[in-house]
Visitor: 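One structure, as structure tokens, below. Some questions next.
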Amino acid sequence: MSNEDQLNLFDLSRDGEAGASGFFQQDLIPTSAKIPISPGTYQTMAPLAKHCNECYRCDLGKTRTHAVVGRGNLQAPIMIIGEAPGQNEDETGLPFVGKSGQLLDKILASVGLETERDIYICNMVKCRPPDNRVPTPAEIAACKPYLLEQIRLVNPKIILLTGATAVKGVTGDKRGITKIRGTWIEWESRLCMPIFHPAYLLRNPAREQGSPKWLMWQDIQAVRAKLDEIHNSSV
């Protein structure tokens, strides 16, 4: 057999139509952060979620109960990105389901936004860091390609970044959340708004003018108005 015949043979996929190197490279994605996840790798969220639950691109996979991929409408106009799963999320496999998630759902409902209709929620990293610590830059870098594919698949009109870790992880902006919350940022031709993490609001329950909860109310109203503006302009 000639060298050319051997190359042609090993370039056949299991169904004989595509290159085997590409097929097996995709299979290797969960094994190492050195394996790239190029745009268009996943056609739907299902294989992405499967890979997340098999993933050891960083050490967080060694301690997880479940990977926490996302919840909500896969075609939602608004995507909310948090930092990392907590204990409740690790146990259920769903993001924002503890007290923070309950508060987030109430905040959204206050302006007529429903999670199952208007929202898709996910996190920077898909596995819980031990003791709920902040994920490291290496952990964020290993998981970010999954997030970028989620953004591409959902294709939201608006992205809400909850907390400084999400802001920095997605946009690279290192400013504190108190300085940039409530402002619109254009990133990759998408409208993003940094907002307080619901956990921060739980630690700061005051409601008077200028308090975190009062500021969050201003921000979520601005998000509702922007979404209505986008919808009206497309009619």
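Only heavy atoms go into these numbers, but all of them, side chains included; no hydrogens, no water, no symmetry mates. Starting from 1, each residue takes its place in the sequence as its number.
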Visitor: Between Asp105 and Arg71 (salt bridge meaning N to carboxylate O under 4.0 Å), is one present in this structure?
Guide: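 Yes.
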Visitor: Examine distances only and state if a side-chain atom of Thr171 and a backbone atom of Val167 form a donor-acceptor pair shorter than 3.5 Å.
Guide: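 Yes, because the side chain of Thr171 sits within donor-acceptor range (under 3.5 Å) of the backbone of Val167.
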Visitor: Quick check: does any side chain N or O of Asn155 sit under 3.5 Å from a backbone N or O of Ile151, one acting as donor and the other as acceptor?
Guide: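 Not confirmed, Asn155 side chain does not pair with Ile151 backbone.
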Visitor: Between Arg190 and Glu186, does at least one N-O distance fall below 4.0 Å, as a salt bridge requires?
Guide: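 Between Glu186 and Arg190 there is no salt bridge, as every charged N stays at least 4.0 Å from the carboxylate O atoms.
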Visitor: Please identify which of these residues, Asn73, Leu108, Leu104, meets the side-chain contact (heavy atoms from CB on, under 4.5 Å) condition with Ile119.
Guide: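 When Asn73, Leu108, Leu104 are each tested with Ile119, the side-chain contact (heavy atoms from CB on, under 4.5 Å) holds only for Leu108.
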Visitor: Same cluster for Leu191 and Ile159 if Ile/Leu/Val/Met/Phe/Trp/Tyr side chains link at under 4.5 Å?
Guide: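 Leu191 and Ile159: one cluster.
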Visitor: Can you tell me if Asn53 uses its side chain to pair, donor with acceptor, with the backbone of Ala67 under 3.5 Å?
Guide: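 Yes, Asn53 side chain to Ala67 backbone: donor-acceptor pair under 3.5 Å.
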Visitor: Counting neighbours of CD on Gln75 that are heavy atoms of other residues, nucleotides or ligands and sit closer than 6.0 Å, is the number greater than 12?
Guide: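 Not buried by this count: 12 neighbours or fewer within 6.0 Å.
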Visitor: Measure across Val125 and Cys143 and return the closest heavy-atom pair with its distance rounded to 0.1 Å.
Guide: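 Closest heavy-atom pair between Val125 and Cys143: CA-SG, 3.6 Å.
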Visitor: Does any non-hydrogen side-chain atom of Arg181 lie less than 4.5 Å from one of Asp219?
Guide: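 Side chain of Asp219 against side chain of Arg181, heavy atoms only: contact under 4.5 Å found.
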Visitor: Just by distance, do the side chain of Lys213 and the backbone of Asn204 share a donor-acceptor pair under 3.5 Å?
Guide: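 Between the backbone of Asn204 and the side chain of Lys213 there is no qualifying donor-acceptor contact (under 3.5 Å).
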Visitor: Any idea which heavy atoms bring Gly112 and Asp118 closest together, and the distance?
Guide: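 Nearest heavy atoms, Gly112 then Asp118: O-OD2, 3.8 Å.
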Visitor: Quick check: does any side chain N or O of Glu89 sit under 3.5 Å from a backbone N or O of Val97, one acting as donor and the other as acceptor?
Guide: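 Yes; judged by distance alone, with no hydrogens or angles, the pair exists.
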Visitor: For the residue pair His231 and Pro77, what are the closest heavy atoms and their distance?
Guide: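 Here His231 and Pro77 meet closest at NE2-CB, 4.4 Å.
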Visitor: Could you tell me whether the side chain of Pro39 reaches within less than 4.5 Å of the side chain of Leu148, counting heavy atoms only?
Guide: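 Contact flag for Leu148/Pro39 side chains = no.
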Visitor: Indicate the atoms forming the closest heavy-atom contact of Gly82 with Thr162, along with that distance.
Guide: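 Distance-wise, the nearest heavy atoms are CA-OG1, 3.1 Å.
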Visitor: Does some side-chain heavy atom of Trp217 sit less than 4.5 Å from a side-chain heavy atom of Val111?
Guide: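 Yes. Closest side-chain heavy atoms under 4.5 Å.
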Visitor: Can you check whether Cys192's main-chain N or O pairs, donor with acceptor, with Trp187's side chain at less than 3.5 Å?
Guide: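 No.
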Visitor: Are side-chain heavy atoms of Met124 and Val170 found at a separation under 4.5 Å?
Guide: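 Contact flag for Met124/Val170 side chains = yes.
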Visitor: Do you reckon Val223 sits in the same ILVMFWY cluster as Leu201, going by side-chain contacts under 4.5 Å, direct or chained?
Guide: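 Cluster IDs for Val223 and Leu201 match.
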Visitor: Please report the shortest heavy-atom distance between Pro85 and Cys127, naming the atom on each side.
Guide: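 In this case the closest contact between Pro85 and Cys127 is CD-O, 3.6 Å.
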Visitor: Check this for me, if you would: do Arg133 and Glu139 make a salt bridge, where the nitrogen-to-carboxylate-oxygen distance has to be below 4.0 angstrom?
Guide: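 A salt bridge is present here (some side-chain N lies under 4.0 Å from a carboxylate O).
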Visitor: So, Ser32 side chain and Arg57 main chain: donor-acceptor pair closer than 3.5 Å or not?
Guide: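 The answer is no, because no donor-acceptor pair under 3.5 Å joins these two groups.
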Visitor: Are there more than 12 heavy atoms of other residues, nucleotides or ligands under 6.0 Å from atom NZ of Lys157?
Guide: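 No, the 6.0 Å shell around NZ holds no more than 12 heavy atoms from other groups.
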Visitor: Kindly give the heavy-atom pair with the smallest separation between Gln25 and Pro36, and that separation in Å.
Guide: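 Residues Gln25 and Pro36, closest heavy atoms: NE2-CD, 3.7 Å.
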Visitor: Does the side-chain contact (heavy atoms from CB on, under 4.5 Å) test come out yes or no for Thr65 and Thr92, once each step is laid out?
Guide: CA-CA 9 Å; Thr65 304; Thr92 62; over 6 Å; no
Visitor: With ring-ring contact (aromatic ring centres under 6.0 Å, His included) as the rule and sequence neighbours excluded, what pairs involving residues 93-147 come up?
Guide: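 Checked against ring-ring contact (aromatic ring centres under 6.0 Å, His included) - neighbours excluded - the pairs reaching residues 93-147 are Phe96-His197.
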Visitor: Using modelled atom types and a 3.5 Å cut-off, is there a donor and acceptor pairing between side-chain atoms of Asp90 and backbone atoms of Gly86?
Guide: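 Absent.
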Visitor: Do Ile177 and Leu161 come within less than 4.5 Å of each other through their side chains, counting heavy atoms only?
Guide: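 They are not in contact (no side-chain heavy atoms under 4.5 Å apart), so the answer is no.
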Visitor: Between Lys168 and Asp173, does at least one N-O distance fall below 4.0 Å, as a salt bridge requires?
Guide: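 Between Asp173 and Lys168 there is no salt bridge, as every charged N stays at least 4.0 Å from the carboxylate O atoms.
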Visitor: Is there a path of hydrophobic side-chain contacts, each under 4.5 Å between heavy atoms of I/L/V/M/F/W/Y residues, joining Ile121 to Phe196?
Guide: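 Yes, one cluster joins them.
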Visitor: Donor-acceptor pair, Arg128 side chain versus Glu91 backbone, under 3.5 Å?
Guide: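 Between the backbone of Glu91 and the side chain of Arg128 there is no qualifying donor-acceptor contact (under 3.5 Å).
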Visitor: Would you confirm whether Glu149, through its side chain, and Pro145, through its main-chain N or O, come within 3.5 Å as a donor-acceptor pair?
Guide: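 Absent.
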Visitor: Checking side chain to side chain donor-acceptor pair (under 3.5 Å) against Tyr42, which of Gln26, Lys50, His51, Gln150 comes through?
Guide: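 With Tyr42 as partner, Gln26, Lys50, His51, Gln150 yield a single side chain to side chain donor-acceptor pair (under 3.5 Å), made by His51.
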Visitor: Check the hydrophobic clustering (I, L, V, M, F, W, Y; side-chain heavy atoms under 4.5 Å; chains of links allowed) and say if Val134 and Ile140 are grouped together.
Guide: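 Hydrophobic grouping puts Val134 apart from Ile140.
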Visitor: Would you tell me whether Gln221 and Lys226 have side-chain atoms, one donor and one acceptor, within less than 3.5 Å of each other?
Guide: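 No, no side-chain donor-acceptor contact under 3.5 Å.
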Visitor: Hey, are the side chains of Thr41 and Ser38 touching, using non-hydrogen atoms and a 4.5 Å cut-off?
Guide: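 Yes, close enough: below the 4.5 Å cut-off.
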Visitor: For the hydrophobic clusters of this structure (ILVMFWY residues joined by side-chain heavy atoms under 4.5 Å, transitively), does one cluster hold both Leu160 and Val69?
Guide: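 In one cluster: yes.
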